[in-house]
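Lettering follows sequence order; numbering is per chain, from 1. Every heavy atom of this structure was used, including side-chain atoms; hydrogens, water molecules and symmetry mates were not.
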4 protein chains.
Amino acid sequence: MMKKKQHRPLGRPKVKSNDIPRNQLILQTAARLFIDNGYQNVSVDDVALNAGVTKATVYYYFDSKSELYKEAIVSLMNRIKERIDRLMEVNKPLYERLYDVTLAHLEATTSIDIEQFLRESKTDLSNEQIQEMKEAEKKIYESIEYAFSDAVTKGEISSINITFATQAYLALIKVGNYKQQDGSGLFSTAEKSAETILTFFWKGLFGTND
Amino acid sequence: MMKKKQHRPLGRPKVKSNDIPRNQLILQTAARLFIDNGYQNVSVDDVALNAGVTKATVYYYFDSKSELYKEAIVSLMNRIKERIDRLMEVNKPLYERLYDVTLAHLEATTSIDIEQFLRESKTDLSNEQIQEMKEAEKKIYESIEYAFSDAVTKGEISSINITFATQAYLALIKVGNYKQQDGSGLFSTAEKSAETILTFFWKGLFGTND
Amino acid sequence: MMKKKQHRPLGRPKVKSNDIPRNQLILQTAARLFIDNGYQNVSVDDVALNAGVTKATVYYYFDSKSELYKEAIVSLMNRIKERIDRLMEVNKPLYERLYDVTLAHLEATTSIDIEQFLRESKTDLSNEQIQEMKEAEKKIYESIEYAFSDAVTKGEISSINITFATQAYLALIKVGNYKQQDGSGLFSTAEKSAETILTFFWKGLFGTND
Amino acid sequence: MMKKKQHRPLGRPKVKSNDIPRNQLILQTAARLFIDNGYQNVSVDDVALNAGVTKATVYYYFDSKSELYKEAIVSLMNRIKERIDRLMEVNKPLYERLYDVTLAHLEATTSIDIEQFLRESKTDLSNEQIQEMKEAEKKIYESIEYAFSDAVTKGEISSINITFATQAYLALIKVGNYKQQDGSGLFSTAEKSAETILTFFWKGLFGTND
DNA sequence: AATGAATGAGATTTCATTCAT
DNA sequence: CATGAATGAAATCTCATTCAT
């Protein structure tokens, strides 16, 4: 990837106590790089360089590249799950809560695609690591699935295939991130986009939009 | 990846006229491997070995790994477009034609995700190669977009946002390929899957399913 | 080197009897490329492409790359020797004949440097091939050495170390081809250059310039 | 070229403080091999093997083969320049100082021929690298040119074309390294050789030898 | 806690050479 | 006579990983 060697003073650096801890810094740097460029296109050196440490330091905190990757992706997914949970806990109609979640996702730069994350790294990851990533993914789904199932239980919406609804919902969100050849999106604003998608989704599920 | 060496003589081989030409064989082998494992996880040696030729033979036919990749993906996309076109040309209501296309996609082992194809290889591909892949992608979209726009023109369906419809349709097909943690799909048969997806899509667009 | 694939019609081409024979064409092409770019920087494919034939055709006429190289260089040196001989045979004072030879060399685009020719290829050439090249080199030297020795015999010049004189003469010619950093030569014209060099050489030998 | 593998442990080696640093060792090894065999005939593996390290170690210290080459040649030229400077600074007549320089060059195994160094590698070197090599070459020339120009200024010798004098001088030194077919030199000792060459040069410049 | 130095294994690519047609 | 197809061997370069300090 990038070349940008920058020498740092020898010896143990003074702890700048206001900084975030090294391992967190590395993890965040790794997450950003991996998501932007993919597992195979980011070397451990890239991560080190961008985090301002040496490769050996990365290995001091993480056992291997695949472990670093798993940790980065899992912690990203955990953050996403928490954000969804927060928005879903609010006391509002399901439609409105879904709207908030949709908007939050459309505004996030990263479109999480777990299939993709696994696909790019599957030759390197251990079964355990794959399992952990799938677990984290499942929790995201469960957050949404729970919201649906809860709304059914409370009679807010009629009974549906919850897994299908969740997957369809997530798939449609990705459509909202679709960029045309000229780089422009499908809709002028994220709000308009969220509205269209959700209207479509709601009609798809219930045949009507109220 | 795999090793399966089998020695073949130097120089030009005796013509076995019944075989498919070498370059086609290589291209098909490459397509399969790239789609299954991703660009970075497949080495040129892997392609060669699986095609039963040597690495040098691959380079005899293709200038570089990225060129081989581009060719493999583009020819795959061309085949998909042709299959869609054939199914869309039939004289049947749009809904039924879409059903056939959906079914065909669900039964195909490969779920094409062009974003992914580009993402995995973007550091290696030239702008020209990227452009060619996007061109091929666009043609697939256009096949579907044309079917929508034609149906609108003929008054078969009411006016819609055709690009959004197309992307939503494709996204929902991918949901049909979704496998749960235990490896089972969402629906028992491809037909049931296609029906559910298409019903959802149609209601999403028109608020009703007829 | 260059990439410039150009397809030629299949099958045996009609003989265009006015053309120079294929093997000569290949030899001349090879000579030019080898001299301009060096042995290792020119591939057999480059030679073939530039001669408008296929690599296999080159191998039809020449046993190996090193053989082609040897032939190209030797025939070049033979041509040079003949040119020198022609100029040296004229019935003029030695000084004037040397002037003609000097001028001819300065005007030739190629500065022959046999050391260099051997150096670049020595790992590839057989002892026999090296010997043949050295033989051809020696003949060039002998042409010049003979002119000196003949002039001594005839009393035209006083006795000198003939081998040293020859090598010094050739070394000084190379100075005439020297280009400064800005690409300009040391003297404005080849004639001025030849004159300066020869004056220097003559004074070096005899301490005076007449 | 040669094979001489000897296993060394992974990771950072125990410090043997008496050894020269690895990068210097590699550079010296590379210089010797490149000068003896030429750029294209020496692989990075050859350099590594001869330096007793692995290829990867070479790449740890040098970005590319061409960079290694440039560094090796430039540092060689710098050493030569310094040797010349040291000999030229002595308070002696120019003729005697030139004699010392000539002798030193004749005794050196390596005859520097920058044209050659560039020619063999030109397809690989970047413009910057070429420039750096030419710069180093120029400094050698300048050392000698300065000695001439200084001697003219001080009235030690009469006015001459300094660039031509320098190039002629260097060309004649190369004659001193000339080996006849049987491997023997032109003169019995380096001292005799230096004397002959310098006498010739001095007469060439001034028409007389005192 | 952090790093500089080193390596093994593997990736892409080039190229001289061969041979059936 | 000439060629297209194929290959073995080697070259350059990358990178995850290790380890003494």
N/O (side chain, [X]) to phosphate O (OP1/OP2, [N]) under 4.0 Å:
X        : N      : answer
Thr57(D) : dA6(E) : no
Arg22(D) : dA5(E) : no
Tyr60(B) : dA5(F) : yes

**Prompt:** On DNA chain F, nearest-nucleotide positions of Ser66(D) versus Tyr61(B): which is more 5'?
**Reply:** Tyr61(B)
**Complete:** Between Tyr59(D) and Val58(B), the residue closer to the 5' end of DNA chain F by nearest nucleotide is Val58(B)
To the nearest Å, how far apart are [X] [atom1] and [N] [atom2]?
X         : N       : atom1 : atom2 : result
Gln40(C)  : dT14(E) : CD    : P     : 16 Å
Asn41(D)  : dC15(E) : CG    : P     : 14 Å
Glu67(C)  : dT17(E) : CD    : P     : 11 Å
Asp45(D)  : dA10(F) : CG    : P     : 11 Å
Leu68(A)  : dT17(F) : CG    : P     : 10 Å
Lys65(B)  : dA11(E) : NZ    : P     : 9 Å
Asp124(B) : dC13(F) : CG    : C1'   : 13 Å
Tyr39(A)  : dC15(F) : OH    : P     : 13 Å

**Asked** Within a strict 4.5 Å, meaning less than it, do heavy atoms of the Leu68(A) and Val44(A) side chains meet?
**Response** no
**Asked** So do Tyr69(D) and Met133(D) actually touch side chain to side chain, heavy atoms under 4.5 Å?
**Response** yes
**Request:** Check whether the side chains of Glu120(B) and Gln40(A) place a donor and an acceptor atom closer than 3.5 Å, and report yes or no.
**Result:** no
**Prompt:** Partner of dT21(F) by Watson-Crick or G-U wobble geometry, both contacts under 3.5 Å, or none?
**Reply:** dA2(E)
**Request:** Using Watson-Crick or G-U wobble geometry with both distances below 3.5 Å, tell me the partner of dC15(F), or none.
**Result:** dG8(E)
**Item:** First encountered from the 5' end of DNA chain E, between Asn23(D) and Val44(C)
**Value:** Asn23(D)
**Prompt:** Does Tyr39(D) have Lys122(D) sitting over its ring (NZ/CZ under 6.0 Å from centre, angle to axis within 45°)?
**Reply:** no
As a test of reading the structure: which of [options] is closest to the side chain of [X], going by heavy atoms?
X        : options                   : answer
Ser64(D) : dT17(F), dC13(F), dT18(E) : dC13(F)
Val53(D) : dT7(E), dT12(F), dC15(E)  : dT7(E)
Ala56(D) : dA6(E), dA11(F), dC15(F)  : dC15(F)

**Asked** So does Lys55(B) reach the base of dT13(E) with its side chain, donor to acceptor, closer than 3.5 Å?
**Response** yes
**Fill in**
Given the options Gln131(A), Gln129(A), Glu128(A), Glu132(A), Lys70(A) meets side chain to side chain donor-acceptor pair (under 3.5 Å) only with Glu132(A)
